[in-house]
Amino acid sequence: MKIDYEQLSELYDKTCRTKNVQYSYGTAGFRTLAKNLDTVMFTTGILAILRSLKLQGQYVGVMITASHNPYQDNGVKIVEPDGSMLLATWEPYAMQLANTASFASNFEEFRAELTRLIEHEKIGLDTSIVPHIVVGRDSRESSPYLLRCLTSTMVSVFHAQVLDLGCVTTPQLHYITDLSNKREREGGSAEVATEQDYYSFFIGAFNELFSTYEIEKRLSVPRLFIDAANGIGGPQLKKLLTSKDWVVPPDQIEVINDKSDVPELLNFECGADYVKTNQRLPKGLSPSSHDSLYCSFDGDADRVVFYYVDSESQFHLLDGDKISTLFAKFLSKQLELAHLENSLRIGVVQTAYANGSSTNYIENTLRCPVSCTKTGVKHLHHEAATQYDIGIYFEANGHGTIIFSEKFHQVIKSELSRARGDMLALKTLDCFSKLINQTVGDALSDMLAVLATLAIMKMAPMDWDKEYTDLPNKLVKCIVPDRSIFQTIDQERKLQNPVGLQAKIDLVIAKYPMGRSFVRASGTEDAVRIYAECQDSSQLDQFCNEIVELVKASA
Ligand SMILES: CC(=O)N[C@H]1[C@@H](OP(=O)(O)O)O[C@H](CO)[C@@H](O)[C@@H]1O
Ligand SMILES: [Mg+2]
């Protein structure tokens, strides 16, 4: 391939209007005010092309979204050919390219940086490899313009093949990127992967699970309300619910906050982040009956939290920890029924933000191993995928999935091929491994998996909730002059710096029965986060305040 530098230079001058902004590729890719993103979109498009070239032209995904952030924001992230997050060693390249374009005084400086990167990664341009890209965007008003900035060079300069999915959820983009490459490997002539493949696949697994139990395709609750955060989850959910294969009666499910066409409403007083943070119902919902189940997606539908309202009108949150524990209970039971508890290893992966009661319940009641990793789904995903055959991971905020190992699939396949009396549990495990998105946390697929689990176990929301009781807890933000001084060890549970602060925190913790608290710098916001939990809710504010004061004093 010959890069047409003249063309590239022209597009560079035309597109990269934002200058002197420092961009950083964090846990969620690049994310900031939409009006400042043209430059970084331009360079991210080029980086995705290089990534595809490096990987012999496989499809690389790019998603334009700012998830649960306000409607004025936007962002972009790159997805590997197998649907996982961009390889960590490429994150600095994404930043170098973006910041060079942002601070360079002319195109030649940018060109030099691009050349350096191509040489450093030994990307052969003198081959016939055609780069392949899948792009998707959420419902934000700024997304179509940013998409043009992102893709401007792809065809004209790099002769790439671009599959534009239009408006999709983040997990749909991950799933379709992975599927596109599988199709290519099966012999390029196969049809290109589409959104329809996504719906067919997950509805298929859901229906198969219900058929296996020969139960009527009804939910275990009379009614389910889904809050779509006025984001892309709304229209995508409706496509699923109106699909000809979807058989749950329409009167059981109602979608609310589905105005994805009104930009300012996105994530406004609704959605998973709002409900989890404020522990209250989103806008547009008033409790109808205490046996209804509710759930909220975030703006790009990769997170989900559930909740219900009891007969005393009390709100109860069923967050990521509760979802993990529900799946751990259900799947451990299936392993036991299939007599596979000694051959396949099941485990739960959490972060320090998981409620202490959930950890205690998983370890001591379910007798299931628990791992703790740093915050950020890539850490949880990696642990789940490498340590367990059934690796369940959820952040407390509702982002997560279950990863099934290669060994799991082999064992189930071989056991299923031998006729056995305990076929039901084997089939359940097999169907379940398809029902849950293997590439990334997915509100839609997680929701289906929760609904199926509740239906099979004949559980009402309160049955699910009463397995364990959360310790009273609080998460606060503290703005400090320089958050980088707060350095942690032990999966972010302890501070190493500022020196001496951890010892002071430990003295405070010791005063509160079942107290636990930790302090870390946020990776996505310019703030320090302080988490505290203890037995007695009347002491919680005081406990948390004492830690906040220590942090302020040392900052
Ligand atoms: C306490 C908390 O919820 N932290 C969030 C938040 O990370 P911070 O590094 O804490 O800002 O954003 C991440 C990306 O969306 C998400 O993975 C994580 O769970
Ligand atoms: Mg999200």
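Because the structure is predicted, anything quoted here is derived from the model rather than measured. Atoms within a ligand are numbered from 1 in the order they appear, just like the ligands themselves.
- Proximity annotation for atom 5 (C) of ligand 1: of V377, D298, D273, N397, N397 comes nearest, heavy atoms only.
- Ligand 1 places these atoms under 4.0 Å from at least one heavy atom of R520: 8 (P), 9 (O), 10 (O).
- For the pairing with Q350, the side chain to side chain donor-acceptor pair (under 3.5 Å) check across S371, S358, S324 returns one residue only, S358.
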Show your working on salt bridge (charged side-chain N to carboxylate O under 4.0 Å, His left out) between D73 and R31 and close with a plain yes or no. CA-CA 7 Å; D73 289 4; R31 206 178 274 187; over 6 Å; no
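- In this structure, the side chain of N267 engages the main chain of H68 through a donor-acceptor pair within 3.5 Å.
- Per-residue contacts place R303 under 4.0 angstrom from the following atoms of ligand 1 (heavy atoms of the residue considered): 15 (O).
- Between G523 and ligand 1, an N or O atom pair is found at a separation short of 3.5 Å.
- Cation-pi geometry between K434 and F206 is not met at under 6.0 angstrom from the ring centre and within 45 degrees of the axis.
- When each atom of ligand 1 is checked for a heavy atom of Y353 under 4.0 Å away, the hits are 1 (C).
- Across the listed options R529, E492, R31, K477, R529 owns the non-hydrogen atom lying nearest to atom 10 (O) of ligand 1.
- Separation of the F404 and F432 ring centroids does not fall under the 6.0 Å cut-off.
- Between F394 and H399, a ring centre-to-centre spacing not shorter than 6.0 Å is recorded.
- The protein heavy-atom contact nearest to atom 12 (O) of ligand 1 is T524 CG2, 3.7 Å.
- Around the Mg ion (ligand 2), the protein N, O or S atoms closer than 2.8 Å are S67 OG, D298 OD2, D300 OD1, D302 OD1, listed by chain and residue number.
- For F202 and Y175, the ring centers are positioned less than 6.0 Å apart.
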Could you walk me through whether Y307 and D465 satisfy the side-chain contact (heavy atoms from CB on, under 4.5 Å) test, starting with their C-alpha distance in whole Å, then the side-chain angles of each, then the deciding distance to 0.1 Å, before giving a yes or no? CA-CA 9 Å; Y307 40 100; D465 194 26; over 6 Å; no
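- No N or O atom of E525 sits closer than 3.5 Å to an N or O atom of ligand 1.
- In this structure, Y25 has its ring center no closer than 6.0 Å to that of Y93.
- Residue-environment remark: NZ (K474) exceeds the threshold of 12 foreign heavy atoms within 6.0 Å.
- Which of E395, K378, K374, K276 comes nearest to atom 17 (O) of ligand 1 through a heavy atom is settled by distance: it is E395.
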